[in-house]
Amino acid sequence: MLASLPPFELALAHLRTAQVLAEQHANAPEIARHLLNAPASHDPAAIEALSEAARLALADGHADRAVQLLSRALAELPGPELRVELLTELGRAETQAGHPGASDRFGQARRISTDPGRRAALALAHGQALYAEGEYLNAAEALASGARELGDTDPKLGSELTAAYVSAASLVGELQPRARKLRERLLSALSSPPSLPQRAAIAHTMVHDSLLGAPR
């Protein structure tokens, strides 16, 4: 019967089914299955169901499904702060799924957010995603921008931004001298145990030094 409906009526039928399921407190994936085939209705409940279904999909290793669900949630036109959250989650899902351009989501989220601490955290995610895409100069610029904006307000996040910058800058010719200087500063202020970005930064610059014939 559903298959015989015109496309617009079928989409509305899926929307109504999703709404009925939500009223009956059905689980998020079941509701989201219908929302994927329904028109956007600017409904906060739809965003919540789609987001929850995406988190469950990601936890089960279904990153592509999470990307689909989060993209659909964004079509509901959430407010700025919720949009930042959804873009961030979408960027992470796209990174896990190996989709090209996942870095764009973090960049979009950073442009929207008005919270300085969150913007700095997004700069870190943006830089790391650009690095994974081989965009080393752009990664270094994003990370440096985040560090400047953060200032001294969050030393731990600042250390992560610096470490990630060193990793990216060590692969950009004109930035390598600065990367080596920052590495020395990083070595003198390592956390215990060193964070993953700190270890990566040290390893990257050590490899570069060894290629230049530096002593072990």
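None of these values were measured; they are calculated from a predicted model. Each residue takes its place number in the sequence, starting with 1.
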- Note on the structure: Taken in chain and number order and not counting sequence neighbours, the residues that satisfy side chain to side chain contact (heavy atoms under 4.5 Å, CB included) with A102 are E94, T95, E133
- Message: Set out, in order, the CA-CA distance, both residues' side-chain angles and the distance that settles salt bridge (charged side-chain N to carboxylate O under 4.0 Å, His left out) for R92 and E85, then state yes or no.
- Response: CA-CA 11 Å; R92 289 173 181 152; E85 183 178 330; over 6 Å; no
Do [X] and [Y] make a side-chain contact, defined as non-hydrogen atoms from C-beta onward lying under 4.5 Å apart?
X	Y	value
L137	L171	no
Q176	R180	yes
L130	L143	no
Q19	L15	yes
L175	Y165	yes
F106	Q128	no
L87	L74	yes
I47	L86	yes

Kindly give the heavy-atom pair with the smallest separation between [X] and [Y], and that separation in Å.
X	Y	answer
A73	P78	O-CD, 4.0 Å
A93	A63	O-CB, 3.8 Å
A40	A75	CB-O, 3.4 Å
A140	A168	N-CB, 3.9 Å
H34	A18	CB-CB, 4.0 Å
A142	A123	O-CB, 3.8 Å

Indicate yes or no: does [X] engage [Y] in a salt bridge with an N to O separation below 4.0 Å.
X	Y	value
R83	E89	no
R118	E81	yes
R55	E52	yes

Just by modelled atom types, is the [Y] backbone N or O under 3.5 Å from a matching donor or acceptor in the [X] side chain?
X	Y	answer
T153	L150	yes
S159	P155	no
S113	R110	no
D43	A45	yes

State the [atom1]-[atom2] distance between [X] and [Y], to the nearest 0.5 angstrom.
X	Y	atom1	atom2	answer
R33	L69	CZ	CG	12.0 Å
H126	R119	NE2	CZ	11.5 Å
L50	L35	CG	CG	5.0 Å
S170	R178	OG	CZ	13.5 Å
L77	S41	CG	OG	10.5 Å
E23	I31	CD	CD1	10.0 Å

- Do L122 and V84 pass the side chain to side chain contact (heavy atoms under 4.5 Å, CB included) test, and can you show the C-alpha distance, the side-chain angles, and the key distance before you say yes or no? CA-CA 10 Å; L122 285 165; V84 168; 4.0 Å; yes
- Message: Checking side-chain polar atoms at under 3.5 Å, does H99 have a donor or acceptor matched by the opposite partner on D64?
- Response: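 Yes, because at least one side-chain N or O of H99 sits under 3.5 Å from a partner of the opposite role on D64.
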- Item | Polar contact flag, side-chain donor to acceptor under 3.5 angstrom, Q68-R65 |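 Q68 vs R65: donor-acceptor pair found between side chains.
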Give a yes or no on whether [X] and [Y] share a hydrophobic cluster (residues Ile, Leu, Val, Met, Phe, Trp, Tyr; joining criterion: side-chain heavy atoms under 4.5 Å apart).
X	Y	result
L82	V67	yes
L36	L10	no
L90	L56	no
I112	L70	yes

- Task: Tell me, please, which residues at least two apart from R72 pass salt bridge (Lys or Arg N to Asp or Glu O under 4.0 Å).
- Result: E76
